[in-house]
**Student:** 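Below: one structure in structure tokens.
FYI, the numbering just counts along the sequence from 1.
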Amino acid sequence: MNLRIHSIFRSTEGEGVHIGVPQVFVRFQGCAVGCVNCDSLETWGFDSNNMSMIEVLNKIEDESSREFGKIKRVSITGGDPLHPKNEKACLALVKELKSRGYFVNIEAAGTRVVSEIFDLLDFISFDFKTPSTQVKFAPKVFERFMKDYGSKSQVKAVIADEADFRAYYELYLKYPNFVNW
């Protein structure tokens, strides 16, 4: 099986409740969400960067073993690892990483709930699309996600201006049990 992979690298988490935690990031290639303020536009195309599962796992092992000792945390990000073109490969990767004892997190675009994958994950960082992204917020997707996976997740958002802050604050007021400050 081939996976559309943009990059695999070791770093520390820069956002949310796991900030500062070392992990290996697996950045999938391909995204159709279209956030206008995306910080990884180079990951949008679906037409390149195929790696075999063995190549991906070897690179994860190499990255997790170098320098300051072995780490057993992987964050799957993108692009969009949950896009239908990446979903099967993402599921296979999550299953393999879990069988090898990794803590696996995904950074989800906030546009879909993929239960087959989410059920296996240790943690989910779920995006709330604020107005500056120019991506429409889907309340039903958010509500389903938080009902089923809120206990192992965080909701994150890009706050670029006052309108974004107001939108996130309104989300908090509407769903006070779902959104942590």
Side-chain angles (χ1 to χ4, degrees), residues 3-9 11-21 23-51 56 74-91 93-94 104-118 121 123-150 152-175 178-181:
L3 295 85
R4 288 178 189 85
I5 300 296
H6 177 272
S7 54
I8 300 171
F9 57 96
S11 189
T12 57
E13 178 59 58
E15 306 171 329
V17 299
H18 296 138
I19 195 166
V21 175
Q23 54 195 329
V24 175
F25 288 83
V26 177
R27 186 177 295 281
F28 271 75
Q29 182 72 36
C31 183
V33 176
C35 301
V36 299
N37 53 2
C38 179
D39 65 356
S40 52
L41 294 171
E42 70 280 4
T43 66
W44 284 19
F46 286 94
D47 56 350
S48 63
N49 300 340
N50 286 328
M51 294 176 73
V56 170
V74 172
S75 184
I76 299 172
T77 186
D80 182 5
L82 300 174
H83 185 280
K85 289 183 178 182
N86 289 328
E87 185 178 322
K88 184 177 176 184
C90 182
L91 176 62
L93 179 60
V94 170
V104 183
N105 168 64
I106 198 164
E107 295 184 14
T111 57
R112 302 180 68 220
V113 173
V114 183
S115 296
E116 193 173 14
I117 295 172
F118 287 5
L121 296 168
F123 194 75
I124 305 160
S125 189
F126 199 75
D127 279 359
F128 166 63
K129 299 303 182 190
T130 54
S132 70
T133 67
Q134 295 184 16
V135 174
K136 187 172 174 15
F137 171 60
K140 289 189 184 332
V141 172
F142 178 78
E143 290 168 7
R144 177 176 170 220
F145 171 75
M146 292 311 295
K147 177 182 165 285
D148 294 345
Y149 303 102
K152 63 177 185 178
S153 71
Q154 68 183 0
V155 177
K156 64 182 184 124
V158 170
I159 306 294
D161 54 30
E162 188 175 333
D164 287 350
F165 179 81
R166 275 196 313 272
Y168 195 77
Y169 185 64
E170 288 169 12
L171 182 78
Y172 168 74
L173 292 176
K174 186 170 183 178
Y175 307 102
F178 294 158
V179 179
N180 295 323
W181 289 90

**Student:** Could you grab the distance from atom CZ of F145 to atom OG of S115, nearest 0.5 Å is fine?
**Tutor:**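 Result: 10.5 Å between the selected atoms.
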**Student:** Supply the atom-to-atom distance F137 CZ to L171 CG, rounded to the nearest 0.5 angstrom.
**Tutor:** 5.0 Å
**Student:** Which heavy atom in F25 sits nearest to a heavy atom in E107, and how many Å separate them?
**Tutor:**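 Closest heavy-atom pair between F25 and E107: CE2-OE2, 3.9 Å.
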**Student:** Does the R27 side chain pair with the main chain of G78, one donor and one acceptor, at a distance under 3.5 Å?
**Tutor:**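 Yes.
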**Student:** Any donor and acceptor pair, going by atom type alone, linking the side chain of K129 with main-chain N or O of A109 inside 3.5 Å?
**Tutor:** yes
**Student:** Parallel, tilted or perpendicular, judged at 30° and 60°: which one describes the rings of F128 and Y168?
**Tutor:** tilted
**Student:** Relative to each other, are the rings of F46 and H83 parallel, tilted or perpendicular (30° and 60° limits)?
**Tutor:**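 The arrangement is tilted - the two ring planes meet at 30° to 60°.
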**Student:** Can you tell me how far the CG atom of L82 sits from the CZ atom of F118, to the nearest 0.5 Å?
**Tutor:**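 Result: 5.0 Å between the selected atoms.
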**Student:** Which distance, rounded to the nearest 0.5 Å, do you find between the NZ of K85 and the CG of D80?
**Tutor:**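 The CG atom of D80 is 12.0 Å from NZ of K85, to the nearest 0.5 Å.
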**Student:** Evaluate side-chain contact (heavy atoms from CB on, under 4.5 Å) for I5 paired with Q29, printing each intermediate quantity in order.
**Tutor:** CA-CA 5 Å; I5 300 296; Q29 182 72 36; over 6 Å; no
**Student:** What heavy-atom pair brings A160 and S132 nearest, and what distance separates the two atoms?
**Tutor:**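 A160 and S132 have their closest heavy atoms at CB-OG, 3.7 Å.
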**Student:** H6: what forms a ring pair (Phe, Tyr, Trp, His ring centres under 6.0 Å) with it, not counting sequence neighbours?
**Tutor:**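 Listed in chain order: nothing, the list is empty.
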**Student:** Please check if the side chain of K152 supplies one atom and the backbone of L121 the other of a donor-acceptor pair under 3.5 Å.
**Tutor:** yes
**Student:** Evaluate K156 against D127 for side-chain contact (heavy atoms from CB on, under 4.5 Å), listing each step before the verdict.
**Tutor:** CA-CA 5 Å; K156 64 182 184 124; D127 279 359; 3.0 Å; yes
**Student:** On a heavy-atom basis, which atom in C35 and which in W44 lie closest, and how many Å separate them?
**Tutor:** O-CZ2, 3.5 Å
**Student:** Shortest non-hydrogen contact from G79 to T43?
**Tutor:** N-OG1, 2.8 Å
**Student:** Given side chains that start at C-beta, do those of P131 and R166 come closer than 4.5 Å, heavy atoms only?
**Tutor:**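 The answer is no; the side chains never approach within 4.5 Å.
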**Student:** Residues two or more places apart in sequence or in another chain: which of them pass salt bridge (Lys or Arg N to Asp or Glu O under 4.0 Å) with E170?
**Tutor:** none
**Student:** V155 versus Y175: any side-chain heavy-atom pair under 4.5 Å?
**Tutor:** no
**Student:** Could you tell me whether the side chain of S40 reaches within less than 4.5 Å of the side chain of T77, counting heavy atoms only?
**Tutor:** no
**Student:** To the nearest 0.5 Å, tell me how far C90 SG sits from E116 CD.
**Tutor:** 10.5 Å
**Student:** Identify the heavy atoms of V158 and T130 that sit nearest to each other, and give their distance.
**Tutor:**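 V158 and T130 have their closest heavy atoms at O-OG1, 2.7 Å.
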**Student:** Identify the heavy atoms of G14 and I19 that sit nearest to each other, and give their distance.
**Tutor:** O-CD1, 3.5 Å
**Student:** Rounded to the nearest 0.5 Å, what separates atom CD1 in I117 from atom CZ in R112?
**Tutor:**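 Taking CD1 in I117 and CZ in R112, the distance rounds to 8.0 Å.
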**Student:** Looking at residues at least two apart in the chain, or sitting in another chain, which of them share a salt bridge (Lys or Arg N to Asp or Glu O under 4.0 Å) with D164?
**Tutor:**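 By the salt bridge (Lys or Arg N to Asp or Glu O under 4.0 Å) rule, D164 matches no residue at all.
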**Student:** Any chance the rings of Y149 and F126 have centres within less than 6.0 Å?
**Tutor:** no
